[in-house]
Every structure is written in structure tokens, then in C-alpha cells.
Amino acid sequence: MKSSHLQLSSLLFSVFASAQNSRICQDYMIPVNITSQVLVASYPHFQDSYDVVDFINNLARRDANATKSPFSGVESATAAYNIGATFCSPGTNTNTSQERTILVATHGLAYDRRYWDSGMDPTNYSFVDFAISRGYSVFFYDRLGTGLSSKVSGYNESQATTQLGILQQLTGFLRDGKYTGNFGTPSKIVHVGHSFGSLLSNGLIATTPEISDGAILTGLAYDQNASPFLEAFALRIASEQFPGKWSDRDNHYVTSVDAAANAATFFHGDSFSKEVLWYTESITQPVASIELLTSGAIRLNATTFTKPVMIISGEFDFAVCGGNCVGILEHPAKEVNFPNATDFQAIVHPSTGHNINFSYNATGAYDVILSYLSKHGL
Ligand SMILES: *[C@@H]1O[C@H](CO)[C@@H](O)[C@H](O)[C@H]1NC(C)=O
Ligand SMILES: *[C@@H]1O[C@H](CO)[C@@H](O)[C@H](O)[C@H]1NC(C)=O
Ligand SMILES: *[C@@H]1O[C@H](CO)[C@@H](O)[C@H](O)[C@H]1NC(C)=O
Ligand SMILES: *[C@@H]1O[C@H](CO)[C@@H](O)[C@H](O)[C@H]1NC(C)=O
Ligand SMILES: *[C@@H]1O[C@H](CO)[C@@H](O)[C@H](O)[C@H]1NC(C)=O
Ligand SMILES: *[C@@H]1O[C@H](CO)[C@@H](O)[C@H](O)[C@H]1NC(C)=O
Ligand SMILES: *[C@@H]1O[C@H](CO)[C@@H](O)[C@H](O)[C@H]1NC(C)=O
Ligand SMILES: *[C@@H]1O[C@H](CO)[C@@H](O)[C@H](O)[C@H]1NC(C)=O
Ligand SMILES: *[C@@H]1O[C@H](CO)[C@@H](O)[C@H](O)[C@H]1NC(C)=O
């Protein structure tokens, strides 16, 4: 009797627990057709990794703006691509405001959509799982040239403006209720980014503010000379670095030389575990040289955006703050970039580096982010 009671309660508990943690996810391959203003590339092609270090040295020099332009003009380009994406929503739906909101997550350089949904120790690291536990749904995708999305030229094709066009088109599809499983049409869409993905999300609210209800920009700062991180990155031609692994990428797709260079760029001190660092090595994606060259082509002053905006970056972020974000996140961003946002917040997340999501206190940052959204009815 006693033992059957115990069994029943443990059964009930496990049903309850799995309902609490359940998520329903669907993978998609989404055709897009993008017209964007692109820069006409005219810089030297990489023959070997010595050309890569030369390129980076020019990009990182203190008078880089005075060196020869890598471009010879601007033109309009139209192209069709396929974008790999995942949509996840909570298994149980009680129709709260969170459950009608979709978070659209755009990852940064050197990752694909797995940045948001760590396969290793998801309880401690997966933003998707954390958001699901708060009732949100998340759409996360592989940026052009990464993961399962179309592979393109790293010399001139995966430009920041083209990637912004993709984010805008995907957002339009979601607003129409496409690629959302059984979820239907959202009432709100919040754009969440990390690093280069934050630049794109910022570009979206600057150029098409009407298609977003809020933005969370992680791993981002403004007007900092953080070019030393380009050297710390220690980039080499990806297909030569790991023969066979990146045979679908041209010589303009580059990757860190080793895990230590990955740590130098993305992590800080003892705020992360080496196992997680090695996990991120295993899921890393090459970076295109044209991505590094065109990040400045995105308009960042979202002067007409009136919805909530939060920036949150690691205290010791080397990539965007030159190793110290204290005192530089709020201004001039508040005045220049988001003068009309509701309740603009600039948060220094303590102890960590650039990869907030893969640091010990990742869920501390997720809590700050999702509590902020919930406070604003998102
Ligand atoms: C390069 O930047 C410096 C400092 O921001 C500025 O003073 C200088 O005029 C710029 N040079 C060119 C060629 O744009
Ligand atoms: C993309 O759109 C353009 C018009 O904007 C059209 O000419 C072209 O055929 C489309 N490409 C594909 C593959 O759908
Ligand atoms: C969910 O709530 C909204 C209002 O908040 C209501 O319009 C809608 O009918 C509800 N949907 C379901 C399935 O209950
Ligand atoms: C990382 O955190 C950001 C917010 O800080 C979130 O938007 C993103 O999805 C997270 N990524 C992962 C892999 O959990
Ligand atoms: C999650 O992180 C906590 C605190 O760092 C750690 O004690 C725990 O072992 C981690 N969980 C797993 C499953 O590794
Ligand atoms: C990239 O370069 C190729 C070869 O010169 C050219 O055909 C193509 O139009 C260029 N694409 C873009 C987006 O500039
Ligand atoms: C916003 O930035 C664009 C260039 O990115 C510039 O043309 C425009 O004048 C700026 N607008 C304001 C209000 O500063
Ligand atoms: C946005 O803020 C700026 C500066 O405070 C102001 O001049 C401008 O009129 C505002 N624009 C809108 C659309 O509210
Ligand atoms: C974890 O992150 C939160 C949010 O940034 C912060 O308030 C808290 O102090 C952090 N905890 C530790 C131990 O750093």
C-alpha cells in the first residue's frame, strides 16, 4: 500500500515535471528572396592564412579608416536563399501575454542557432529552455552562411545589409503566423540578439521600427574602439584549419586558431567552465571576412523606435567593450541610438565576458531579460 502510494506520487511528480519543462519545437527550411544595397568588394582574395592576418592587421590598426577602402562602390543585389530555423513554444498553453509573444533570436559571429539552445547542460545555458519555462515562444535561426542555411561567398555575399533584409523578411513571415507550428499569429514580437546578431536587431528597429515590439541587445556596446579583439580572435582559413569540416566554405570563411583564442575573444577569467568552452569549439561556425567589413553599414540610430530596449553585456566583454563595459553602455546609446525608447536599460552583467550565454551565471542574465519583458507586457 505504502509503496504503491509512493509510486503514484512519483509518477504524478514526473508527469508534472515533464509538463513544466515540455517544449514543442519544429524545424524549418525557409526560402527567402532578398533585395539589398550591397558594397562592391574590391579587396584582395585570401590565398592562405598569411593573407588573413594581413587583412586583420589592416582592419585593426588605429588608423584603419585611412587605409585603402576595400570597396569600389554600392549596388543593389537580389538573391534567394534558404534559412534553417527552429520554432519552440511551451507544451502547455494558458494564453497569457507571454504566450502570445515570440522572441526572435539572432546569433552572433562564430555561432549558429545553437548559441541560443545549448545542447550541453541546457538547464544552465539554454536561453530557449529558460524562455519556455517563463511561457515565451522562441524563433531562432542560422544566419546566412552558417549552420543549415545557404552557403554563400564569404568574400562579398553575406553582407550585413543582406542579413538585415533576411531578419526583416523572417519577421514578416512570423507576423503572418507562418513557421510558427500550431502557435498561429503572435500578438507581439521581440527581437533578441547576441553581438553581430544584436547589430542586425538594432538595424531592424532603426529601419523598420513598426515590425518590432521590443529589443534585447546582448553583447553590444557603442562607439568603442574594440579592434584589439580582432587580433585576439587569431583567425585562419577555416577549411585549412580543420580539413574536411568546412569544405563547403570558401577561403573567406575564417575561424579561431584554437580554443585559447576562442576563450580570449568570447570568455573571461574563471566565469566559465572549460568543458563549455570545448563545447562551443565543437559548435563554432566560421566567420566571413565580408561580415567583419560590413558591420558598420548597418544604421544604428533607432530614433523613432518607441518600444522597450535593453542592452546587456558582460562586465569584462573584450569584443565590444575592450575588456571593461562599466560606465560606457548607457551613454551615448540612450541619447543617440534610442532617444524615444520606453524604459531604455543598459545592464552590465557581472563577471562574464562576451558569451553571456555560455558563462556560469547565464540564467542570471536571462532572468533580467525576461523580467524586463514581462514588466512591459511583452
Ligand atoms: C579617422 O578617424 C579619426 C578619429 O576618429 C579622425 O580624426 C580622422 O579624420 C579619420 N580619418 C579619415 C580618413 O576618415
Ligand atoms: C526574387 O525576387 C525577384 C523580384 O524581386 C524576382 O525577379 C526573382 O525571380 C525572385 N527569385 C526567386 C528565386 O524567387
Ligand atoms: C487568448 O487571449 C486573448 C486576449 O488576451 C483572446 O482574444 C483570445 O481569444 C484567447 N485565445 C484563446 C485560445 O483562449
Ligand atoms: C544567450 O542569451 C541571450 C540573451 O542574453 C539570448 O537571447 C540567447 O538566446 C542566449 N543564447 C543561448 C545559447 O542560450
Ligand atoms: C549548473 O550550474 C551549477 C552552478 O554552477 C552547477 O552546480 C551544476 O552542476 C550545473 N548543472 C549541471 C547539470 O551541470
Ligand atoms: C560577388 O562577386 C561575384 C563575382 O565577381 C559577382 O558575380 C556577384 O554579383 C557579387 N555579389 C555581390 C552580392 O556583390
Ligand atoms: C541616423 O544615421 C544615419 C546613417 O546611419 C544618418 O544618415 C542619419 O542622419 C542619422 N539620423 C539621426 C537623427 O541622427
Ligand atoms: C525622438 O527623439 C528625438 C530626440 O529626443 C526627437 O527630436 C524626435 O522628435 C523624436 N522622434 C519621435 C518620432 O518621437
Ligand atoms: C548573476 O547575474 C545577475 C544579473 O546580471 C546579477 O544580478 C547577479 O549578481 C549575478 N550573480 C553573480 C554571482 O555574479
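Both counts, for ligands and for their atoms, begin at 1 and track the order of listing. Given the structure is predicted, the values throughout are model-derived calculations rather than measurements.
When each atom of ligand 9 is checked for a heavy atom of Val368 under 4.0 Å away, the hits are 4 (C). For ligand 9, the atoms sitting less than 4.0 Å from at least one non-hydrogen atom of Asn361 are 1 (C), 2 (O), 3 (C), 8 (C), 10 (C), 11 (N), 12 (C), 14 (O), numbered in the order shown with element in parentheses. Every atom of ligand 9 is numbered from 1 in the order shown, and the set under 4.0 Å from a heavy atom of Pro350 is 5 (O), 6 (C), 9 (O), 10 (C), 14 (O).
The main-chain N or O of Phe139 is never found under 3.5 Å from a side-chain atom of Tyr179 such that the two would form a donor-acceptor pair. Without hydrogens or angle criteria, Glu157 side chain to Gly154 main chain gives no donor-acceptor distance under 3.5 Å.
Near ligand 2, heavy-atom contacts under 4.0 Å come from Asn33, Ala80.
When only modelled atom types and interatomic distance are considered, His194 and Thr218 share no side-chain donor-acceptor pair under 3.5 Å. No hydrogens or angles considered: a donor-acceptor pair under 3.5 Å links the side chains of Asn355 and Tyr111. A donor-acceptor contact closer than 3.5 angstrom is absent between the side chains of His45 and Asn251.
With sequence neighbours excluded, the residues forming a side-chain contact (heavy atoms from CB on, under 4.5 Å) with Thr304 are Pro209, listed by chain and number.
Within a 6.0 Å radius of CG in Asp270, other residues, nucleotides and ligands contribute 12 heavy atoms or fewer.
The distance criterion of under 3.5 Å between nitrogen or oxygen atoms is met by Asn301 with respect to ligand 7. For ligand 9, the polar-atom distance check finds an N/O of His349 within less than 3.5 Å of one of the ligand's N/O atoms.
Remark: Lys334 fails to qualify as a cation-pi partner of Phe338 under the 6.0 Å distance and 45° angle criteria applied to the six-membered ring.
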